There are 2 protein chains.
Amino acid sequence: MTRTVPAPLPPDFFDPDCPVPTVPVLGGKKWAWRILRCLEGGPRRFSELRVPLVGITAKVLTESLRSMEQDGVLERTEFAENPPRVEYALTPLGRTLLGPMDALCDWSRANLAELLAAREASERASELAER
Amino acid sequence: MTRTVPAPLPPDFFDPDCPVPTVPVLGGKKWAWRILRCLEGGPRRFSELRVPLVGITAKVLTESLRSMEQDGVLERTEFAENPPRVEYALTPLGRTLLGPMDALCDWSRANLAELLAAREASERASELAER
DNA sequence: CCCGCCGGTACCGTTGAAGTAACCGGCACC
DNA sequence: GGTGCCGGTTACTTCAACGGTACCGGCGGG
């Protein structure tokens, strides 16, 4: 007899010690994706990054950059110049993230219409249920 | 003369109306990834999902499933049986998400060691700075 | 009559990311 | 001597996700 139901999932289906979910881009990092994208074309200065990242505050940008630096996906270089200059650049590790990231962005672009339609449909359904 | 610096990024580098960042998996959805993974092999019942998703509470699982249903990546089917049965299954749209997701998971697995090393290194550096 | 199972809901507390506002030191320019 | 820019820092607040506990209705079984 063929099995029509899948085998039950064991409690250790996910390794409880697996730190994959702690990967920076998978966390609630609203800006990380965009920052990576901005650095794709080469190093950028702090104030240069603030231009495309419309709405970000200095604090949040600082925090995001610091945490990404800690994760080794980008590098902070301070120049002892005048006026002071700080540059942020992708590390080789950070650059390898661009591929998978592109895959997800492509998915978003391709399926966004369908996704938004699903959201609207469920909104309309819940409005009907209210009455 | 060749340009050694990249062109400046314009303020409209990102479309301000672009809702790509609102895509479910890109938000701070701690469990969405795992839920998708659990449904990869076929439909699952509510209590069946609680087994592999160690530590999730009924409330959070309900919320996650509902929001993913709204986004059209999974489907909720209620059977008027006894005892009541509810099944969750991936939609075609949800199934297309598995590919890009795998890419990111592969990246995590491949580069996790390097990432954790970078974190430790920066921790050690900050401890040195404290003294 | 009471107990437990299924698939939740209600209420409330915690946490961490994000936002707001004010300020800083050093230097250049006027 | 005042003003402004650069690259932040500090303190405070807001907000949504997450977590904990308790409880529910309908049913079947003992």
Side-chain angles (χ1 to χ4, degrees), chain A residues 8 14 16 21-35 38-39 43-71 74-89 119 126 129-130, chain B residues 8-9 14 16 19 21-35 38-39 43-71 74-89 119 126 129-130:
Chain A
F14 296 108
T22 70
V23 165
V25 189
L26 276 57
K29 309 287 180 182
K30 180 173 172 184
W31 298 101
W33 296 85
R34 297 164 190 244
I35 293 173
C38 291
L39 295 177
R44 298 286 179 184
R45 304 181 54 173
F46 186 86
S47 42
E48 214 174 349
L49 286 171
R50 300 188 65 172
V51 176
L53 300 171
V54 182
I56 201 173
T57 59
K59 180 201 155 204
V60 173
L61 180 53
T62 306
E63 282 173 359
S64 304
L65 290 170
R66 291 277 198 277
S67 108
M68 291 167 77
E69 188 195 359
Q70 277 198 7
D71 288 342
L74 59 80
E75 208 178 12
R76 181 178 184 275
T77 317
E78 202 166 332
F79 295 88
E81 290 178 2
N82 186 283
R85 187 161 59 100
V86 182
E87 268 190 6
Y88 297 90
R119 269 190 202 163
S126 65
E130 263 177 33
Chain B
L9 299 170
F14 295 109
T22 71
V23 164
V25 189
L26 276 58
K29 309 288 180 181
K30 180 173 173 183
W31 298 102
W33 296 84
R34 297 166 191 242
I35 292 173
C38 290
L39 295 177
R44 299 286 178 183
R45 305 181 54 174
F46 186 86
S47 43
E48 214 174 347
L49 286 171
R50 300 188 66 173
V51 177
L53 300 171
V54 182
I56 200 172
T57 59
K59 180 198 156 204
V60 174
L61 180 53
T62 306
E63 283 173 358
S64 304
L65 290 170
R66 291 278 198 278
S67 108
M68 292 167 76
E69 189 196 359
Q70 277 199 7
D71 288 342
L74 59 80
E75 207 177 14
R76 181 177 183 276
T77 316
E78 202 166 332
F79 295 88
E81 291 177 3
N82 189 281
R85 187 161 59 98
V86 181
E87 269 190 4
Y88 295 91
R119 269 188 202 166
S126 65
E130 265 178 31

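Chain letters run A, B, ... following the sequence lines, proteins first, then strands; residues in each count from 1. Keep in mind that this is a model prediction, so the values were computed, not measured.
- With contacts defined as side-chain heavy-atom distances shorter than 4.5 Å, the pair B:Ile35/B:Ser64 qualifies.
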From CA spacing to verdict: side-chain contact (heavy atoms from CB on, under 4.5 Å), A:Phe79, A:Thr77: CA-CA 6 Å; A:Phe79 295 88; A:Thr77 317; 4.1 Å; yes
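- A:Glu78 has a carboxylate O that lies under 4.0 Å from a charged side-chain N of A:Arg76, or vice versa, which qualifies the two as a salt bridge.
- Look at CG on A:Leu53: it is 14 Å from P on D:dG8, rounded to the nearest Å.
- Atom pair A:Leu65:CG and D:dT9:P shows a separation of 11 Å (rounding to whole Å applied).
- C:dG16 atom P lies 20 Å from atom CZ of A:Arg66, rounded to whole Å.
- Distance, B:Glu81 CD to C:dC5 C1': 15 Å, rounded to whole Å.
- Protein atom CD of B:Glu87 is 10 Å distant from nucleotide atom P of C:dG7, rounded to whole Å.
- Between the CD atom of A:Glu63 and the P atom of D:dT10 there is a distance of 11 Å, given to the nearest Å.
- The distance from the CD atom of B:Glu87 to the CG atom of B:Leu74 is 12.5 Å, given to the nearest 0.5 Å.
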When you compare the protein's N or O atoms with those of nucleotides 21-23 of chain C, which come within less than 3.5 Å of each other, and at what distance?
none

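- At a threshold of 4.0 Å, the pair A:Arg50-A:Glu48 does not count as salt-bridged, since none of the basic side-chain nitrogens sits closer than that to a carboxylate oxygen.
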Between the protein and nucleotides 3-7 of chain D, which nitrogen or oxygen pairs are less than 3.5 angstrom apart?
unit_1	atom_1	unit_2	atom_2	d
D:dC6	O3'	A:Arg45	NH2	3.3
D:dG7	OP1	A:Arg45	NE	3.2
D:dG7	OP1	A:Arg45	NH2	2.7
D:dG7	OP2	A:Ser47	N	3.4
D:dG7	OP2	A:Ser47	OG	2.6

Exercise answer: donor-acceptor pairs, residues 54-63 of chain A side-chain atoms, under 3.5 Å, sequence neighbours excluded:
unit_1	atom_1	unit_2	atom_2	d
A:Thr57	OG1	A:Val60	N	3.4
A:Thr62	OG1	A:Ala58	O	2.7

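- The closest side-chain heavy-atom distance from B:Leu9 to A:Leu53 is not below 4.5 Å.
- Using a 4.5 Å heavy-atom threshold, the side chains of A:Met68 and A:Gln70 count as separate.
- When the C1' atom of C:dG25 is taken as reference, atom CD of A:Glu78 falls 13 Å away, rounded to whole Å.
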Steps toward side-chain contact (heavy atoms from CB on, under 4.5 Å) verdict (B:Cys38, B:Tyr88): CA-CA 10 Å; B:Cys38 290; B:Tyr88 295 91; over 6 Å; no
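- What separates CD1 of A:Ile56 from C1' of C:dG19 is a distance of 11 Å, to the nearest Å.
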